[in-house]
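Here the structure comes first, spelled out in structure tokens, and everything after it is commentary.
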Amino acid sequence: MSKVKVTILFSTYNGANTLPTMLDALCAATVPNEEWKIVAVDNNSNDNTTEILNSYKERLPLEVYFEPKQGKQHALTQGFRHLEGELVILTDDDVIPAPDWIEQFLALANEQPQFAIFGGLITPEWEEKPAPWLIKYGHLGILYALNDDLPEGPISAALISGPNSAFRRSILGPGYIVHDGLGPDATIAQFPMGEDTAFALRLETSGAKAFHSRRPRVRHIVRKGYVNEGWVLRRGERYGMGLVIIRPNLFDRKAKISGLPIGSVLRWLLMAPASLVVKRFPLSGLRFKLLWAQSVRQGILRQFLKQRSTTNNAIYSQVGAE
């Protein structure tokens, strides 16, 4: 009979730069190895990710799987087929867990039997020191999944962050499939982000309640280059794309033209010339706020255009079939 209480699940694509740091930290876990396991899904990496993962099999209770279909949602769907234990911890390949990370999630699940979704503390591990304007004005939760400002206690599942979250396996059910069309995909330059939020919200809709604790701790490695304005603004566009999928209610009642929300279109058009001017200004909080808002709008419109194109193609295909 299996003694496994917890499965840690994560997917990785070309994670060679951060995986050794993450796996070394897990080697210091305070829970005996027979009580937990790791399910790592290599999502068609083209670096030495697989070799790194396999090199830790003697030190960790690690199972490695390969998912050739690109996209985090496909990798996690593969991983869900190999779960054991009462608790599933979802994370990413660029975190540094505290030694008692697993132990604290187990204790939290025992202490809060009325909750089935759990979030833990995420603090930054900066590879490059961010500029003061980014720390002051940047949306650090959206950008890097940081949640140091989140109080302990019951929360909306919308505030659960993927790099440090846990779920009772009983609420997943057999054959769970992750939300399609969200999250990292190496074949797409700009993808709608928010697959972790969509996952937690779907479980909340089914009746599961969420609880946040600062005790299960990880540090999130923020890669060099992820603090420059260009990367940050591209992240804003991905956030806008994800909003259309995750929170469609925000747009349901808005007036539309050709399937696009008129307000977003007008604001984007009005700000487009101003954005070109603002980019000539020195880096500052005001510059960032203006450009961030425009990036989010651009993401919203990009996703609506993408969905309109998909709908039109489906209609044309149906007409052609008839």
Side-chain angles (χ1 to χ4, degrees), residues 69-74 76-77 137-145 156-162 177-205 226 229-279 287-321:
K69 191 172 184 180
Q70 209 73 60
K72 184 177 178 180
Q73 72 269 30
H74 304 300
L76 289 182
T77 297
Y137 299 103
H139 304 273
L140 301 185
I142 296 171
L143 292 173
Y144 313 116
S156 164
L159 298 175
I160 293 293
S161 296
I177 298 175
V178 179
H179 195 299
D180 194 20
L182 280 169
D185 184 333
T187 65
I188 304 172
Q190 282 293 74
F191 54 82
M193 61 180 274
E195 76 285 352
D196 300 317
T197 302
F199 173 69
L201 283 173
R202 189 190 295 184
L203 295 174
E204 185 178 57
T205 301
Y226 285 15
E229 187 183 70
W231 185 92
V232 167
L233 294 179
R234 288 192 296 275
R235 184 80 165 175
E237 184 173 331
R238 292 175 179 178
Y239 173 67
M241 294 175 71
L243 279 178
V244 177
I245 299 174
I246 298 169
R247 302 189 65 188
N249 57 301
L250 294 177
F251 308 96
D252 286 345
R253 297 184 179 181
K254 295 186 181 297
K256 297 183 177 68
I257 182 170
S258 297
L260 303 177
I262 296 175
S264 297
V265 172
L266 292 177
R267 282 190 289 272
W268 186 89
L269 289 172
L270 287 171
M271 281 302 300
S275 296
L276 295 175
V277 175
V278 168
K279 285 182 179 179
R287 167 189 163 124
F288 170 73
K289 286 192 283 187
L290 291 172
L291 294 179
W292 172 266
Q294 185 70 342
S295 293
V296 173
R297 289 187 203 106
Q298 183 160 309
I300 291 170
L301 296 178
R302 183 178 189 141
Q303 187 62 30
F304 269 107
L305 285 168
K306 181 179 177 181
Q307 291 180 178
R308 186 178 70 178
S309 175
T310 301
T311 301
N312 288 341
N313 289 339
I315 293 172
Y316 294 149
S317 297
Q318 185 177 2
V319 171

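Reckoned from all heavy atoms, side chains included, excluding hydrogens, waters and symmetry mates. Model, not experiment: these values are computed from the prediction.
- Qualifying side-chain contact (heavy atoms from CB on, under 4.5 Å) partners for Glu204, counting only residues two or more places apart in sequence or in other chains: Ser156, Ala157, Leu201.
- Using a 4.5 Å heavy-atom threshold, the side chains of Phe199 and Ile160 count as separate.
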Practice task
List the steps and the verdict of side chain to side chain contact (heavy atoms under 4.5 Å, CB included) for Val232 and Trp292.
Solution key: CA-CA 8 Å; Val232 167; Trp292 172 266; 4.1 Å; yes
Exercise for the section: Applying side chain to side chain contact (heavy atoms under 4.5 Å, CB included), run through Glu237 and Arg302 and close with a yes or a no. Expected result: CA-CA 9 Å; Glu237 184 173 331; Arg302 183 178 189 141; 2.6 Å; yes
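- Rounded to the nearest 0.5 Å, atoms CZ (Arg267) and CG (Leu269) are 11.5 Å apart.
- Leu182 has its side chain within reach of Ile246: a pair of non-hydrogen atoms, C-beta onward, lies under 4.5 Å apart.
- For the pair Leu291/Glu229, a side-chain contact is recorded, criterion being any heavy-atom separation below 4.5 Å from C-beta on.
- Atoms OG and CD, on Ser275 and Gln294 in that order, are 4.0 Å from each other to the nearest 0.5 Å.
- Residues Ser161 and Asp196 form no side-chain contact, since every pair of their non-hydrogen atoms from C-beta on lies 4.5 Å or further apart.
- Across every non-hydrogen atom of Lys306 and Pro192, the tightest pair is NZ-CD, 4.4 Å.
- Taking each heavy atom of Tyr144 and Tyr226 in turn, the nearest pair found is OH-O, 2.7 Å.
- Looking at every heavy atom in both residues, Leu260 comes nearest to Leu301 through CD2-O, 4.4 Å.
- How far CG of Asn249 is from NZ of Lys254: 10.5 Å, rounded to the nearest 0.5 Å.
- Within 6.0 Å of CZ in Arg287 there are more than 12 heavy atoms belonging to other residues, nucleotides or ligands.
- Arg308 and Ser258 get closest at one heavy-atom pair: NH1-O, 2.8 Å.
- Looking at heavy atoms from C-beta onward, Ser295 lies out of side-chain contact with Arg234 at the 4.5 angstrom threshold.
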Practice task
Check step by step if side chain to side chain contact (heavy atoms under 4.5 Å, CB included) holds for Tyr239 and Leu143.
Solution key: CA-CA 9 Å; Tyr239 173 67; Leu143 292 173; over 6 Å; no
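- Atom CD1 of Ile257 has 12 or fewer heavy atoms from other residues, nucleotides or ligands within 6.0 Å.
- The aromatic ring centroids of Phe304 and Trp268 lie 6.0 Å or more from each other.
- Within the 4.5 Å cutoff, no side-chain heavy atoms of Met241 are placed close to those of Ile245.
- Gln190 and Arg238 form a side-chain donor-acceptor contact under 3.5 Å, judged by distance and modelled atom types alone.
- With contacts defined as side-chain heavy-atom distances shorter than 4.5 Å, the pair Gln303/Leu243 does not qualify.
- A heavy-atom distance below 4.5 Å is not found between the side chains of His74 and Asp185.
- In this structure, NZ in Lys72 is found 11.5 Å from OG1 in Thr77, a value given to the nearest 0.5 Å.
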Problem - Ile142/Met193 under side chain to side chain contact (heavy atoms under 4.5 Å, CB included): CA gap, chis, key distance, verdict - result: CA-CA 10 Å; Ile142 296 171; Met193 61 180 274; 4.1 Å; yes
